[in-house]
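One structure below.
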Amino acid sequence: MKLKIVKGTRDLYGDDVKRFQYIEEKARQVFSVYGYQEIRTPIFEKTELFAHGVGEGTDIVGKEMFLLEDRRGRSMALRPEGTAQVVRSVITNNMMRQNNHLRFYYFGPMFRYEQPQKGRFRQFYQIGAEYFGVSTPDADLELILILRQFFKEIQLHEISFQLNTIGCQKSDCRPAYKNKLIEFLQDHVDSLCENCSNRMHDNPLRVLDCKNESCIAVTSEAPKIHDTVCSDCKDHFSELCHMLDDHQVSYSVNFRLVRGLDYYSKTVFEVFSDNLGAQNAAGGGGRYDGLFEIYGAKVVPAIGFALGLDRLALLTSPEKKEQKSVFVVGTDRGAVCKLVATCREEDIICQYDPFQSSMKSQFRQANKSGAWKVLILGEEELKAKQVSVKDMQDGQQTVVELSAVVGYLKKSVAN
RNA sequence: GCGGAUGUAGCUCAGUUUGGUAGAGCUCCGGAUUGUGGCUCCGGUGGUCGCGAGUUCGAGCCUCGUCAUUCGCCCCA
């Protein structure tokens with residue numbers, strides 16, 4: 001049996017785990033300041049949940065889901081994203097009955113069957129937030145402020161924040177724009193890349209997102225969605241922009257930003273970093289006022305975002321906070337274990353060398369572990385019921401009564 | 001799914017040209033007159049050369065396949 005890790009997955013340990021923990025910790029902190037509660041949903045759902053919510057025509061649903069069959073032949077999917085699930089949970093648990101608005105955040109692994117590369121995995125981790133029940137731009141603003149605060153908290157400065165509106169489903173809004181756009185594209189179809197000329201009819205907005213130079217040249221001249229959306233969407237967007245200006249949020253409006261999931265409406269945004277290679281999106285989100293309705297539930301306006309934890313981990317290095325730890329060395333195993341146990345019971349972080357090696361080796365271990373002080377239990381100390389305490393920073397050594405060593409350490413920690 | 005690059009010790013990599021006993025640095029372990037770390041010096045452990053076939057007297061090196069990583073396309077987190 002070959003013990004190999006599955007393609008696009010990885011084991012996280014050592015510094016990787018520290019980075020993840022650091023980011024999660026900061027996220028929890030910021031989310032709780034804004035009144036968000038954690039929600040934990042299953043790692044798999046019925047396939048139809050994602051198919052209906054995210055959209056049958058999207059890449060995620062069309063070719064990237066990990067599908068499995070349960071024992072009765074029902075189709076299940078490992079979750080490719082978080083929003084559909086949180087919405088499902090709000091609906092199945094009837095949460096809006098008792099609340100007119102709700103705030104949730106979540107962490108966890110997501111799964112997409114894609115070609116792995118830098119910052120892109122088949123099992124990847126997201127941090128997400130969803131805000132339900134508020135249709136005014138206050139909610140949009142709040143999520144963007146959370147993002148700003150979070151990035152500040154993890155000391156990530158070199159990111160750019162892009163914003164757009166993609167209108168709503170009303171006939172005089174996105175559908176009208178789509179028609180205008182298709183009409184325009186048809187006149188320039190010869191200049192479009194193969195991919196775009198194929199998808200311009202069923203998904204014309206995606207053409208705006210194409211990186212092909214010739215397509216960019218064409219779409220630069222295309223009608224802009226801002227000029228076509230309905231007055232409601234237009235007001236929503238300009239009000240949001242004013243609010244962002246008012247809060248000194250730096251952002252740029254990118255009319256090419258359209259997002260690949262069907263459920264978005266009005267505001268969409270993405271966060272980019274130049275230090276991520278080809279996968280330069282660290283996070284993204286938007287408003288999805290229509291998703292509850294798609295699921296046959298009463299309409300609830302909502303907005304949310306997701307951040308790629310794996311990608312954030314590539315961009316951040318956790319501040320090193322030293323936890324003062326102690327290392328016990330000695331020749332008498334029993335005495336060493338006893339003192340170690342005593343320290344640990346008193347919540348003093350304590351290690352020892354389990355192999356009873358030479359003093360020299362034990363000190364090497366102590367040094368390697370980054371110990372703050374070494375407690376030395378030699379024959380002389382044992383006889384006198386004392387402990388020599390060596391400070392590993394300055395090398396100074398003092399003798400303390402065995403019975404008083406815990407008190408001594410606790411007092412020293414405070415300094 | 002499609003292109004390009006790469007795969008040799010725990011890590012970073014040489015060795016491939018011209019096939020002939022597997023290398024370096026760092027890490028790790030041990031020692032430097034026996035109860036004391038870091039620095040220095042000395043020594044040691046560690047590799048089915050990604051995996052599988054083929055050519056050959058002989059393959060880390062040549063050929064084919066395969067898996068993985070990586071950079072792009074695509075898409076997104």
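In the text below, chain A, chain B and the rest are named by the order of the sequence lines, each starting its count at 1. We use all heavy atoms of the structure for the numbers below, so side chains are in, but hydrogens, waters and symmetry mates are not.
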Any strand: nucleotide that pairs with [N] via Watson-Crick or wobble, under 3.5 Å:
{"N": "B:U18", "result": "none"}
{"N": "B:G38", "result": "none"}
{"N": "B:G1", "result": "B:C73"}
{"N": "B:U33", "result": "none"}
{"N": "B:U63", "result": "B:A53"}
{"N": "B:G23", "result": "B:C13"}
{"N": "B:G47", "result": "none"}

Which listed nucleotide (B:G38, B:C28, B:U36) is nearest to the side chain of A:Lys368?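 So the side chain of A:Lys368 is nearest to B:C28.
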Do the rings of A:Tyr36 and A:Phe31 sit parallel, tilted or perpendicular, given the 30° and 60° boundaries?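 Ring orientation, 0 to 90° scale: tilted.
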Take the angle between the ring planes of A:Phe111 and A:Phe66 and call it parallel below 30°, perpendicular above 60°, tilted in between.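 Ring orientation, 0 to 90° scale: perpendicular.
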Between A:Thr316 and A:Gln155, is the side chain to side chain donor-acceptor pair (under 3.5 Å) condition met? List the steps. CA-CA 7 Å; A:Thr316 56; A:Gln155 297 181 26; over 6 Å; no
Please determine which of A:Tyr177, A:Phe255, A:Phe237 meets the ring pair (Phe, Tyr, Trp, His ring centres under 6.0 Å) test together with A:His226.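 That would be A:Phe237; it is the only one of A:Tyr177, A:Phe255, A:Phe237 passing the ring pair (Phe, Tyr, Trp, His ring centres under 6.0 Å) with A:His226.
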Categorize [X] for me: base, sugar-phosphate, or nothing, with a 4.0 angstrom heavy-atom threshold over every strand shown.
{"X": "A:Ser361", "result": "sugar-phosphate"}
{"X": "A:Lys390", "result": "base"}
{"X": "A:Gly62", "result": "nothing"}
{"X": "A:Gly128", "result": "nothing"}

If we take the [atom1] atom in both [N] and [M], what is their distance in whole Å?
{"N": "B:G35", "M": "B:G31", "atom1": "P", "answer": "12 Å"}
{"N": "B:G10", "M": "B:U27", "atom1": "C1'", "answer": "7 Å"}
{"N": "B:U69", "M": "B:C51", "atom1": "C1'", "answer": "14 Å"}
{"N": "B:G23", "M": "B:G46", "atom1": "C1'", "answer": "13 Å"}
{"N": "B:A24", "M": "B:C71", "atom1": "C1'", "answer": "28 Å"}
{"N": "B:C11", "M": "B:U16", "atom1": "C1'", "answer": "23 Å"}
{"N": "B:U48", "M": "B:U34", "atom1": "C1'", "answer": "42 Å"}
{"N": "B:U55", "M": "B:C74", "atom1": "C1'", "answer": "40 Å"}

Hey, would you say the A:Phe132 and A:Phe292 ring centroids sit under 6.0 Å apart?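 Yes, close enough.
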Taking only heavy atoms on the protein side, list every residue of residues 373-382 of chain A lying under 4.0 Å from any atom of RNA chain B, sorted numerically.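 Contacting residues: A:Ile376, A:Gly378, A:Glu379, A:Glu380, A:Glu381.
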Applying salt bridge (charged side-chain N to carboxylate O under 4.0 Å, His left out), can you list everything that pairs with A:Glu24, at least two apart in sequence or on another chain?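 Testing A:Glu24 for salt bridge (charged side-chain N to carboxylate O under 4.0 Å, His left out), a comparison that skips the adjacent residues, returns none.
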Sole residue of A:Asp353, A:Ile349, A:Leu375, A:Val340 in side-chain contact (heavy atoms from CB on, under 4.5 Å) with A:Phe327: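 Per the side-chain contact (heavy atoms from CB on, under 4.5 Å) rule, the option paired with A:Phe327 is A:Asp353, out of A:Asp353, A:Ile349, A:Leu375, A:Val340.
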Is there a donor in the side chain of A:Tyr106 and an acceptor in the side chain of A:Gln85, or the other way round, less than 3.5 Å apart?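 Note: A:Tyr106 and A:Gln85 side chains miss the donor-acceptor criterion.
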Going by atom types only, do A:Ser220 and A:Arg256 share a side-chain donor-acceptor pair under 3.5 Å?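 A donor-acceptor contact under 3.5 Å links the two side chains.
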Go along nucleotides 70-77 of chain B 5' to 3' and tag each nucleotide: B for a protein heavy atom under 4.0 Å from its base, S when only backbone or sugar atoms are that close, - otherwise. SSBBBBBB
Answer yes or no for A:Arg122 and A:Tyr113: cation-pi contact, defined as NZ/CZ to six-membered ring centre under 6.0 Å and angle to ring axis within 45°.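 That pair qualifies as a cation-pi contact.
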Face-on cation placement of A:Arg10 at A:Phe121 ring, 6.0 Å and 45° thresholds: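 Judged by the rule, A:Arg10 and A:Phe121 form a cation-pi pair.
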Report yes if at least one side-chain N or O of A:Lys360 is closer than 4.0 Å to OP1 or OP2 of B:G37; otherwise report no.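 Checking A:Lys360 against B:G37: at least one side-chain N or O falls below 4.0 Å of OP1 or OP2.
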In whole angstroms, how far is the C1' atom of B:G35 from the CD atom of A:Gln362?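 That distance rounds to 10 Å.
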Can you tell me the distance, in whole Å, between the NZ atom of A:Lys7 and the C1' atom of B:U66?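 In whole Å, B:U66 C1' and A:Lys7 NZ are 12 Å from each other.
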